[in-house]
Amino acid sequence: MTAEIRQARTEDVSSLMAIKWKVIAHLLESGINQWDEIYPAEADFQQDVYEQTLYVLESSERIVGGFCLNEVELEGYETADWQAESFLVIHRLLIDPDYQGSGYGRQLMQFADQQAFSLGKNSIRLDCFTGNPTAISFYQKLGYQRRGEATFRKGRFLLMEKLIEIQ
């Protein structure tokens with residue numbers, strides 16, 4: 001099942017916040033304490049909209065997911081053994097649990113690949129909570145490789161990178 005990906009607007013933030021709370025409940029049911037009331041915050045999504053780095057995935061006129069795609073590395077990223085110097089970074093990827101397993105996450109990740117390619121970037125970076133084996137497996141299946149680890153507020157995170165072939 002495919003959906004349309006577009007740049008997010010201010011009015012999309014409430015939908016993303018609703019999805020965030022569903023994702024948190026879903027993660028907690030699986031024993032994964034990754035996100036909470038502090039992160040991701042509404043202000044994070046609002047800032048992403050302002051910076052034009054937030055994208056949403058719409059299916060049948062309903063937002064089912066989204067993410068931020070920019071060049072901002074978090075503190076701790078400098079410790080990784082990155083393989084490329086030109087990159088984009090994925091932040092706050094979320095898919096409504098009711099739609100997980102429908103290929104929407106893969107569609108967002110392919111969009112990130114296309115954006116990186118079109119901008120002449122040769123990699124995509126992200127961090128992934130070590131306590132979320134489903135997410136780690138998802139990223140590895142898409143070609144992401146571990147480049148290091150960092151400790152953030154919620155614990156240990158893998159720092160992962162996917163190389164993009166540019167011409």
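Below, each value reflects all heavy atoms present in this structure, side chains not excepted, and no hydrogens, waters or symmetry copies. FYI, the numbering just counts along the sequence from 1.
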Quiz item: Does any donor atom in the side chain of S59 or Y104 lie under 3.5 Å from an acceptor atom in the other side chain?
Solution: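 Side chains of S59 and Y104: pair found under 3.5 Å.
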Quiz item: Strictly by modelled atom types, are E51 and Q47 linked by a side-chain donor-acceptor pair under 3.5 Å?
Solution: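 Per modelled atom types, E51 and Q47 side chains form a pair under 3.5 Å.
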Heavy-atom distance under 4.5 Å between the side chains of [X] and [Y], does that happen here?
| X | Y | answer |
| --- | --- | --- |
| K20 | P40 | yes |
| V89 | L126 | no |
| L159 | R146 | no |
| R6 | D12 | yes |
| I32 | K154 | no |
| L163 | N122 | no |
| Q52 | Q7 | yes |
| V72 | H91 | yes |

In terms of hydrophobic clusters joined by side-chain contacts under 4.5 Å, are [X] and [Y] together?
| X | Y | result |
| --- | --- | --- |
| I19 | F45 | yes |
| Y55 | L57 | yes |
| L54 | F111 | no |
| L119 | L108 | yes |
| F157 | L88 | no |

Is [Y] paired with [X] through a side-chain N to carboxylate O contact shorter than 4.0 Å?
| X | Y | result |
| --- | --- | --- |
| D36 | R153 | yes |
| D81 | R147 | no |
| E71 | K121 | yes |

Exercise. Determine, stepwise, if the pair D127 / E149 fulfils side chain to side chain contact (heavy atoms under 4.5 Å, CB included).
Key: CA-CA 8 Å; D127 57 79; E149 288 189 17; over 6 Å; no
Self-check item: side-chain contact (heavy atoms from CB on, under 4.5 Å) partner of L16, the single match among D48, V49, I63
Solution: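 Option passing the side-chain contact (heavy atoms from CB on, under 4.5 Å) with L16: I63.
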Practice problem: State the SG-CD1 distance between C128 and I90, to the nearest 0.5 angstrom. | Solution: 11.0 Å
Self-check item: Straight-line distance of Q110 CD to Q107 CD, nearest 0.5 Å
Solution: 7.5 Å
Self-check item: Contacts of Y139 that satisfy ring-ring contact (aromatic ring centres under 6.0 Å, His included) - sequence neighbours left out
Solution: Y144
Quiz item: Can you list the residues that meet the ring-ring contact (aromatic ring centres under 6.0 Å, His included) rule with F87, with sequence neighbours excluded?
Solution: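 For F87, no residue satisfies ring-ring contact (aromatic ring centres under 6.0 Å, His included) once neighbours in sequence are set aside.
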Practice problem: Under the side chain to side chain contact (heavy atoms under 4.5 Å, CB included) rule, collect the residues that match up with W21, sequence neighbours excluded. | Solution: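 If we apply the side chain to side chain contact (heavy atoms under 4.5 Å, CB included) test to W21, skipping adjacent residues, the hits are M17, I24, E37.
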Practice problem: Tell me, with the steps shown, if R125 and W82 meet side chain to side chain contact (heavy atoms under 4.5 Å, CB included). | Solution: CA-CA 9 Å; R125 299 176 181 176; W82 303 115; 3.2 Å; yes
Quiz prompt | Any donor-acceptor pair under 3.5 Å from S137 side chain to P133 backbone | solution =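 Side chain of S137 to backbone of P133, a donor-acceptor pair under 3.5 Å: no, none is there.
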Self-check item: Stepwise side chain to side chain contact (heavy atoms under 4.5 Å, CB included) test for Q46 and E42
Solution: CA-CA 6 Å; Q46 292 287 3; E42 185 172 347; 3.8 Å; yes
Practice problem: Just do the side chain to side chain contact (heavy atoms under 4.5 Å, CB included) check on L69 and T53 with the steps written out, would you? | Solution: CA-CA 5 Å; L69 186 64; T53 58; 5.7 Å; no
Self-check item: Aromatic centroids of F129 and W35 separated by under 6.0 Å
Solution: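 That pair fails the under 6.0 Å test.
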Exercise. Could you tell me whether E11 atom CD has more than 12 heavy atoms of other residues or ligands within 6.0 Å of it?
Key: yes
